[in-house]
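Note: hydrogens, waters and symmetry copies are ignored here, and every other heavy atom, side chains too, is used. Letters A, B, ... mirror the listed sequences (proteins, then strands); counts begin at 1.
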2 protein chains.
Amino acid sequence: MSAISITSESTEMYLKSIAELEMLATPPVAISHLAQRLGVSSPSVLEMVKRLAAQNLVTHTPYKGVSLTDSGRRRAMAVLRRHRLWERFLVDTLQLPWESVHDYACQLEHATAPAVTDALAAFLDNPTTCPHGNPIPDAAGAVPPNRTIPLLELAVGQSARLENIIYEEAILLEYLARRGFLPGVQLTLEDIAPYQGPLMVRVSGFDHPAALGREIAARIFVVPTE
Amino acid sequence: MSAISITSESTEMYLKSIAELEMLATPPVAISHLAQRLGVSSPSVLEMVKRLAAQNLVTHTPYKGVSLTDSGRRRAMAVLRRHRLWERFLVDTLQLPWESVHDYACQLEHATAPAVTDALAAFLDNPTTCPHGNPIPDAAGAVPPNRTIPLLELAVGQSARLENIIYEEAILLEYLARRGFLPGVQLTLEDIAPYQGPLMVRVSGFDHPAALGREIAARIFVVPTE
DNA sequence: AATCATAATTAGGATACCCTAATTTAAGGA
DNA sequence: TCCTTAAATTAGGGTATCCTAATTATGATT
C-alpha cells in the first residue's frame, strides 16, 4: 500500500492543531481545547498526546497541557506549509472560493510527498501567505517574525492594516469577506462597547462600521498604522 | 477531524486494484493477485473483501475470486479518474518526471474532494488520458471503448501505435521511455523468440529493435495500423 | 478549611485493517 | 483413484485511534 508517509494523518492533525492553538494563546495547550479543535473526546486526545510524547514530538505536563518539541514543531510547520500552499493553489489556480478551500487543503496536506510540495511551491512562485493572510512557513519551517497584534488589542481610534485571520470556518470567512475584511485592507477601530461588548470597526471603502464579537476580533491580526 | 471522505483509503485502494486487475485478465480477480498487488497478506485481502462484499461493492465467489459490483466499479472509476488527473497535473503543470508520478498520484487520489476533482479537470482542460496513455474516466465514470490489444498478441511483422501502458513501476517506465516506448509512438513487432522468449520490437526512430519480456509486452496496449 | 465546578485522567470497550500459523479446498497430474 | 501443489480459508493475535462512564485533580469561591 502507498505508505510513503511516515507520519500518520492523525499525528499530523494533532501537531498542526497544537501549533495553531499555540498561536492563539500561551502554551501549554489545554487538552480540552485540543479535543474541541480536533472534534474528538478528551481521553482520545490524552492517549494520542501520550503517544506523541513517547515519540518526542510533544511534551505533556499532567493537568497543565501539551506543547510542541522542536522536532514536533518542525513537523507541524511542514504540515502548515503544505496546507497553505494548497490553499493558494486552490484559490489562485483552480479559482475555488476563498472561504471553501480550508477543508480541501486539510485533506491534501497529508497526501503530499516532499517532491510534490517543492514543485507546487515553485509553480506558485513561492508565495509567502495563504489566501487568509497567514504566513507560509518556508521549506525549513521558518516563519517570518510576527509584527501583528489581535484587533482586540488595538487602541480605540487607531488605524491598522489587516494582516491575517486565524479562523478558517467557511461561514465566518464568507461573513467577513462580505464586510470587506480581507488581508491587506485598511481599517479603524472606532469603539468598543462596554461589558465585553462588540467592537465597531470601519473598513476603508465601507460607509458603516461593522460590529465584531470579541472572539472573532481576537483572531484577526493587524499591524497598526499611522 | 477532516473526515470528509466517506470511503476509506484502503477501500479505495482495493476497489481500484480490482478494477486494474480486471483490465489485465478475466474476472473474478484472484485473492492472491490482489494481495500481491496491494502488498498485503491473503488473509488480510479476504477479510477486506468480505467487508466490501457486505457493502455491496464487490461480489466474492469462494475459492474463485472477487469482482466489482456496478456500485463498486463506479467508486473505482472515480478513484482512477482522480489518479490519472493528478498524474496529468504532476507531469504537465508541475513538470515532475513521467515515471515518478504514480506514487504521488496514488496518495493524492484519496485526498481529493469532488469540487477539487472538478476544478482540477477543468484547469487541465479535461484531458482524456494520463501520461502513460491510460484513459481518464469521465465524471460519470465512463471510459471510451477499448480498441487496443496487448503487444503480446500483435501479429509478427505487424505495425501498431502504442496506446497505453498498464504498469506504473517507476524503474520500468524509465526503462521503456529510454527505448522510446511512449504513448503515441509507432512500432513494429519484428519477431517472437520461441519457448516463451522475448519479443523484438522496433520503435520508429530507433536503429535497433528492443527486446521485451512477455510480461511487459502483455501490459503494453497497441492499436494495429497498416 | 470546605465546597463546587471544571478539566484531566483512568478504565474498559470498539473498529478498521493489518499480521502469522495452521487447516482446508480445488485443480492438475500420475 | 490417489497424490501433490498452490491457493483460499480459518483461527487467533496486534496496533492505531477512536468511544463512554467513572474517578481524580485543580483552582476558585465561600
Rounded to whole angstrom units, what separation is found between the [atom1] atom of [X] and the [atom2] atom of [N]?
X       : N      : atom1 : atom2 : answer
B:Glu9  : C:dC18 : CD    : C1'   : 14 Å
A:Leu34 : C:dA8  : CG    : P     : 10 Å
B:Glu47 : D:dG12 : CD    : C1'   : 12 Å

Short side-chain N/O contact from [X] to OP1 or OP2 of [N], under 4.0 Å:
X       : N      : answer
B:Tyr14 : C:dA16 : no
B:Ser41 : C:dT20 : no
A:Ser44 : D:dT17 : no

Contact summary for A:Leu94 and B:Ala119, nearest pair of heavy atoms: CD2-O, 3.7 Å

Please check: side-chain N/O of [X] versus main-chain N/O of [Y], any donor-acceptor pairing under 3.5 Å?
X        : Y        : result
A:Trp86  : A:Tyr104 : no
A:Asn134 : A:Ile165 : yes
A:Thr69  : A:Leu57  : yes

Nucleic acid contacts of residues 15-27 of chain A, taken as heavy-atom distances under 4.0 Å to DNA chain D: none

Contact state string [nucleotides 5-10 of chain D, B base, S sugar-phosphate only, - no protein heavy atom under 4.0 Å]: --SSBB

Electrostatic pair A:Glu12:A:Arg82 at N-O distance under 4.0 angstrom: yes

side-chain hydrogen bond (donor to acceptor under 3.5 Å, both in side chains) partner of A:His83, chosen from A:Gln107, A:Arg88, A:His102, A:Glu20: A:His102

Criterion side-chain contact (heavy atoms from CB on, under 4.5 Å) on B:Val143 and B:Leu80, from CA distance to verdict: CA-CA 11 Å; B:Val143 179; B:Leu80 278 174; over 6 Å; no

Distance, nearest 0.5 Å, that separates NZ of A:Lys16 from CZ of A:Arg81: 15.0 Å

